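Keep in mind that this is a model prediction, so the values were computed, not measured. Whatever order the structure lists them in is the order used to number ligands and atoms, beginning at 1.
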Amino acid sequence: MSSAPKKQMHLAAHFPGVNNTTVWSDARSGSQIDFASFTHLAATAERGLFDFFFLAEGLRLREHKGRIHDLDVVGRPESLTVLSALAAVTDRLGLAATVNATFNEPYELARRLASLDHLSGGRAAWNVVTSSDAFTGENFRRGGFLNRAERYTRAAEFVATARELWDSWPPDGRQRPFAHRGQHFDIEGTFTVPRCPQGHPVVIQAGDSPEGRAFAAATADVVFTRHGTPEAGREFYRDVKGRLAGHGRRSEDLKIMPGVGFVLGDTAAEAQERAAEIRRQQISPQNAIVALEQVWGVDLSSYDPDGPLPDFDPDPGATVVQGRVKGADPIGTARRWRAVSRAKGLSIRQTVIETTARQAFVGTPTSVAEQMDAFVQSDAADGFILVPHLTPGGLDEFVAKVVPLLQERGVFRTRYTGTTLRAHLGLRGPGSAAAGTG
Ligand SMILES: Cc1cc2nc3c(=O)[nH]c(=O)nc-3n(C[C@H](O)[C@H](O)[C@H](O)COP(=O)(O)O)c2cc1C
């Protein structure tokens, strides 16, 4: 008797880069600039048969109280350049770059993405982000920023224009001129890069507002989301997948992949202990005050991280942070944090640890494989973008211990059956000569 095949899981590796996810105080943490770090994580992901390697991107060093944020002082290399180099030392792994649609231009970016797709034999992906502040925009000729609705209008027109450029070299190879006349772009000419192996590089989207979700449903192949709990995941999944039919798309045309952490141990208790210790290292006393100041918008350096939270509400207009997405409702967040602190008797640092923890799978390898499988089978996601807490070796243990268990459960590939990222993700191609299938 045969049972129905189980839904297959997709996996991606997030290179942690500059943030406090990486436990920098751990002796095993290395550089996030050296090419050797990128190759280490990419090689591990490819050994684990992952769908793709993912790089986030910030376009300006973040500031906190007028000074460059401690975690940003080292900076980071530009994503498409790093991925082009990785294309040469990997074979099947997808290569995803976060690139901003507010500050770039379609012709230039479409060329660079099509070029990466050629260099990698059909493995390029573009995570389309829109950015949220004028601070970032000051780095660019355009200056400033667009309001949210316009950012997404521009992003949608940007992606549509890039696709027109890629399609100006149709699969039959007969190149033709393009002309795009729109609200944000008015361009014409000829595109210089011949049709790339995937036809269109894979498009990923990572915004969460109604505008962001509408954009994803209309345009994206993959959504990178923060909804990493089973309940929130199912609700997000239902909402975004429910919008697809309105665009003539099927559920399997869009993969939903939350960013999640993981902590492994030989026993459940050991894993829980390690997870708690990692959270304490990620949220140092200094990081706890920084997190508090980002919600309250004022200097709170006189507060004791082991003492109680401020008893006043934030001023929603005040800010100490530049260059990162601000929470939409600081007063609501502050009240929620105070309620958690009161109910559980937690200090400032303990409250920040409790309320800001990234969703993580914690347990023995068997338990983590079970939890991940259940998450996917219950339609809370189609897979995960795994965010390790060590750079660059944080995925080693997962690939050695959890991937074989996922394979045993019949929910993860045992070999790459296609050559392109579209093929790994099971996406319908836009039509191209070289895209592999399977
Ligand atoms: C999971 C996730 C990851 C993101 N990663 C980046 C990033 O690497 N670089 C960036 O500039 N913006 C990033 N963003 C910000 C989005 O592009 C967008 O500007 C922001 O979420 C505001 O849009 P929204 O209101 O639709 O969420 C990310 C957003 C989400 C939800």
Side-chain angles (χ1 to χ4, degrees), residues 12-22 32 52-63 69 71-72 75-80 82-83 95-104 109 125-140 142 144-156 158-159 203-220 222-229 232-233 235-237 239-240 243 254-261 321-329 356 358-360 381-387:
H14 186 292
F15 185 86
V18 290
N19 51 42
N20 65 331
T21 300
T22 297
Q32 95 291 3
F52 61 93
F53 175 96
F54 180 90
L55 282 174
E57 180 129 284
L59 289 176
R60 184 166 175 176
L61 300 182
R62 294 167 297 173
E63 290 180 11
H69 195 285
L71 290 165
D72 268 16
R76 51 182 151 183
E78 188 277 323
S79 304
L80 279 167
V82 172
L83 296 182
L95 302 166
T98 297
V99 189
N100 198 293
T102 302
F103 304 117
N104 288 287
L109 185 57
W126 169 26
N127 177 31
V128 186
V129 294
T130 55
S131 183
S132 56
D133 58 20
F135 172 79
T136 304
E138 284 170 6
N139 274 345
F140 291 84
R142 189 172 301 282
F145 78 126
L146 303 166
N147 65 40
R148 176 179 286 157
E150 255 195 289
R151 289 202 307 269
Y152 278 114
T153 315
R154 181 183 159 97
F158 197 126
V159 176
V203 167
I204 306 173
Q205 192 275 343
D208 195 29
S209 59
E211 293 88 346
R213 293 178 185 208
F215 173 55
T219 308
V222 176
V223 178
F224 175 24
T225 152
R226 294 200 173 97
H227 297 289
T229 62
E235 199 183 314
F236 181 79
Y237 193 97
D239 177 42
V240 175
R243 297 168 187 248
L254 178 69
K255 308 296 180 202
I256 295 183
M257 301 176 69
V260 296
V321 61
Q322 299 261 46
R324 59 166 276 173
V325 179
K326 269 201 303 182
D329 175 21
T356 65
R358 182 192 290 280
Q359 171 67 20
D382 295 310
F384 305 96
I385 298 189
L386 292 180
V387 189

Shortest reach to [atom] by a heavy atom, considering only [options]:
atom	options	value
atom 27 (O) of ligand 1	Val223, Ile385, Asp208, Ile204	Asp208
atom 13 (C) of ligand 1	Asn127, Thr102, Val129	Val129
atom 28 (C) of ligand 1	Ala206, Ala155, Ala101	Ala206

### Message
Within the structure, is a non-hydrogen atom of Phe215 found at a distance of less than 4.0 Å from ligand 1?
### Response
no
### Message
Test side-chain contact (heavy atoms from CB on, under 4.5 Å) on Val99 and Asn104; report intermediate values, then the result.
### Response
CA-CA 8 Å; Val99 189; Asn104 288 287; 3.5 Å; yes
At less than 4.0 angstrom from any non-hydrogen atom of [X], what atoms of ligand 1 do you find?
X	result
Ala56	8 (O)
Thr98	7 (C), 8 (O), 9 (N)
Ser209	24 (P), 25 (O), 26 (O), 27 (O)
Tyr152	23 (O), 24 (P), 26 (O)

### Message
salt bridge (charged side-chain N to carboxylate O under 4.0 Å, His left out), that's the test. Do Arg213 and Asp208 meet it? Break it down for me.
### Response
CA-CA 6 Å; Arg213 293 178 185 208; Asp208 195 29; 3.2 Å; yes
### Query
Between CG of Leu71 and CG of Leu61, what distance do you get to the nearest 0.5 Å?
11.5 Å
### Task
Find the distance between CZ (Phe158) and OG1 (Thr219) and round it off to the nearest 0.5 Å.
13.0 Å
### Query
Given that the side chain starts at C-beta and the backbone is N, CA, C, O, which of these parts of Glu211 lies under 4.0 Å from ligand 1, counting heavy atoms, or is it both or neither?
neither
### Query
Are the side chain of Thr102 and the backbone N or O of Thr130 linked by a donor-acceptor pair below 3.5 Å?
yes
### Query
What is the ring orientation for Phe54 with Phe224, classed by angle as parallel under 30°, tilted 30 to 60°, or perpendicular over 60°?
perpendicular
### Task
Examine Arg151 against ligand 1 and note whether any of their N/O atoms are separated by less than 3.5 Å.
no
### Message
The test is side-chain contact (heavy atoms from CB on, under 4.5 Å); show your working for Gln322 and Arg62 and say whether it passes.
### Response
CA-CA 6 Å; Gln322 299 261 46; Arg62 294 167 297 173; over 6 Å; no
